[in-house]
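Just below is one structure, and these are the notes that go with it.
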2 protein chains.
Amino acid sequence: MKKTNSKTPTTRIQRQKRLVILEAALEVFSKHGFRGSTLDQIASEAGISKPNILYYYASKQEMHKELIERMMDKWLAPLEEMNAKGDPIAEISAYIKRKLEMARDYPRQSRLFNNEILQGAPHIIDLLEGELKILVDEKAKVIANWMKKGRLTKTDPYHLIFSIWATTQHYADFDVQVCAVLGEKSAINHRFKVAQKHLDLLFVRALEVE
Amino acid sequence: MKKTNSKTPTTRIQRQKRLVILEAALEVFSKHGFRGSTLDQIASEAGISKPNILYYYASKQEMHKELIERMMDKWLAPLEEMNAKGDPIAEISAYIKRKLEMARDYPRQSRLFNNEILQGAPHIIDLLEGELKILVDEKAKVIANWMKKGRLTKTDPYHLIFSIWATTQHYADFDVQVCAVLGEKSAINHRFKVAQKHLDLLFVRALEVE
DNA sequence: ATAATTTTTGACCATTTGGAAAAATATTAA
DNA sequence: TTAATATTTTTCCAAATGGTCAAAAATTAT
């Protein structure tokens with residue numbers, strides 16, 4: 001026998017297998033949340049047997065934990081990139097673009113996050129109150145500074161950030177609804193192009209100082 | 001014995017009991033989604049035994065169905081009120097206010113909806129593609145008309161509506177995150193007052209034609 | 001009070017669930 | 001090839017779950 005779990009899989013084959021499983025787990029967890037997902041579903045999605053999954057991951061929890069961790073890293077990155085030295089409007093515009101691209105390219109991660117929050121963020125509450133809060137505090141200060149200097153219209157920086165999160169993630173989390181309302185006519189690429197243009201207009205026009 | 005279910009409970013006591021159960025079910029379903037919720041949880045939340053719940057509701061499904069139906073009615077109302085004859089900016093501003101008040105006053109219903117959408121809207125997809133789409137088509141046309149007349153800045157009316165949905169519901173669905181980031185300092189009343197002001201500024205400034 | 005009826009619950013059941021054990025099947029090393 | 005090792009699956013289990021049923025308790029009607 002070999003180690004049944006562990007943070008760093010030895011061989012590349014093992015790492016790949018773990019990825020296949022994670023992929024399946026993401027598919028299931030993002031739809032049904034932790035409690036609503038079953039190992040059988042994940043196994044079926046991954047095309048292998050249930051005990052085989054437990055050979056690579058010690059438990060359902062462990063899979064979920066790894067998914068959440070990977071997702072949080074991705075999730076925080078776009079905001080970190082926001083640069084205090086840059087042009088305020090351009091920086092915010094670029095941030096929105098990055099966030100929207102994330103919603104387009106990683107919708108399941110977004111839904112996984114959404115699910116976690118809906119359940120009261122049991123696994124990441126510390127992260128939210130710690131790392132995330134610190135990051136947002138910092139960027140809110142940057143934005144507040146831009147506003148003070150008259151380079152941005154004044155509004156609450158925190159709620160501005162919330163608005164950006166909300167509008168961009170909406171296209172991942174509420175995809176079914178967006179598609180239902182827009183009807184078949186809207187291909188994903190076109191949809192996101194229009195969304196991008198709309199959000200840019202919305203935030204830029206609101207924040208621009210004439 | 002008596003009827004175990006039925007759309008219209010006979011006595012007032014029965015109607016009240018069903019309400020108590022629905023209330024508990026809402027609490028649980030909104031957090032864990034349909035699959036992740038158990039009758040035991042709901043029973044415990046309601047303070048009665050599991051079989052007693054099934055005396056009033058024939059099944060878990062039936063409870064969920066009634067909750068979803070009640071919620072959808074509430075959910076559609078604010079948009080219906082948007083009036084083509086009114087002043088565009090005032091109408092949109094009022095719509096945002098109504099939606100935000102719903103997020104404040106009925107956060108669990110919002111989360112129930114969020115959960116349903118995350119799971120692919122299995123129970124309401126018809127409603128979304130039917131009733132909701134028709135309503136949004138109609139209101140999008142109204143907004144498009146305002147824009148054509150130069151009374152609102154031009155942008156995609158559908159995505160504008162999505163942005164309003166996203167930003168307002170965010171305060172219900174992502175409450176945990178909002179609170180974590182804002183810290184303890186922010187009481188709910190104050191939080192929503194600031195949110196209201198921010199969203200009003202965001203949308204009004206973006207849409208106003210100078 | 002007593003009977004009839006409604007409400008509530010404890011005991012139970014079949015199925016599903018997360019997970020363990022061990023046998024069976026690859027794969028690699030010698 | 002053969003032994004050692006790594007992987008996969010079949011079988012199983014105890015707990016949890018949605019739901020049933022009949023008996024108990026409470027309520028209402030007479």
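Just so it is clear: chains get the letters A, B, ... in the order the sequence lines come, proteins before strands, and each one is counted from 1.
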key: Pi-cation contact, Trp146(B) with Lys141(B) (under 6.0 Å, within 45°)   = no

Between [X] and [N], is there a contact of a side-chain N or O with OP1 or OP2 at under 4.0 Å?
X        : N       : result
Gln41(A) : dT17(C) : no
Tyr55(B) : dT8(C)  : no
Arg35(B) : dT17(C) : yes
Gln61(B) : dG19(D) : no
Lys17(A) : dT8(D)  : yes

Separation of atom [atom1] in [X] from atom [atom2] in [N], rounded to whole Å:
X        : N       : atom1 : atom2 : answer
Tyr57(A) : dA20(C) : OH    : P     : 17 Å
Gln14(A) : dT8(D)  : CD    : C1'   : 13 Å
Ile42(B) : dA16(D) : CD1   : C1'   : 15 Å
Ile48(B) : dT9(C)  : CD1   : C1'   : 11 Å
Ile21(A) : dT8(D)  : CD1   : P     : 8 Å
Leu39(B) : dG10(C) : CG    : C1'   : 16 Å
Leu54(A) : dA21(C) : CG    : P     : 12 Å

inquiry  = For Phe162(A) and Trp165(A), take the angle between the two ring planes, folded into 0 to 90°, and tell me which bin it lands in: parallel under 30, tilted 30 to 60, perpendicular over 60.
reply    = tilted

ask   = What orientation do Phe192(B) and Tyr171(B) show, parallel under 30°, tilted 30 to 60°, or perpendicular over 60°?
value = tilted

[X] has a side chain; which of [options] sits nearest to it?
X        : options                   : answer
Ser49(A) : dT6(C), dT9(C), dT10(D)   : dT10(D)
Thr38(A) : dT8(D), dT17(C), dG19(D)  : dT17(C)
Asn52(A) : dT9(D), dT6(C), dG18(C)   : dT9(D)
Tyr56(B) : dT8(D), dG18(D), dT7(C)   : dT7(C)
Pro51(B) : dG19(D), dA11(C), dT17(C) : dA11(C)

inquiry  = Under 4.0 Å between a side-chain nitrogen and a carboxylate oxygen: does that hold for Asp156(B) and Lys193(A)?
reply    = no

request  = State whether Lys139(B) and Glu91(B) are salt-bridged, where the test is any N-O pair (Lys NZ or Arg NE/NH1/NH2 against Asp/Glu carboxylate O) under 4.0 Å.
outcome  = no

inquiry  = Is there, by distance only and without an angle test, a donor paired with an acceptor across the side chain of Lys50(B) and the base of dG18(D) below 3.5 Å?
reply    = yes

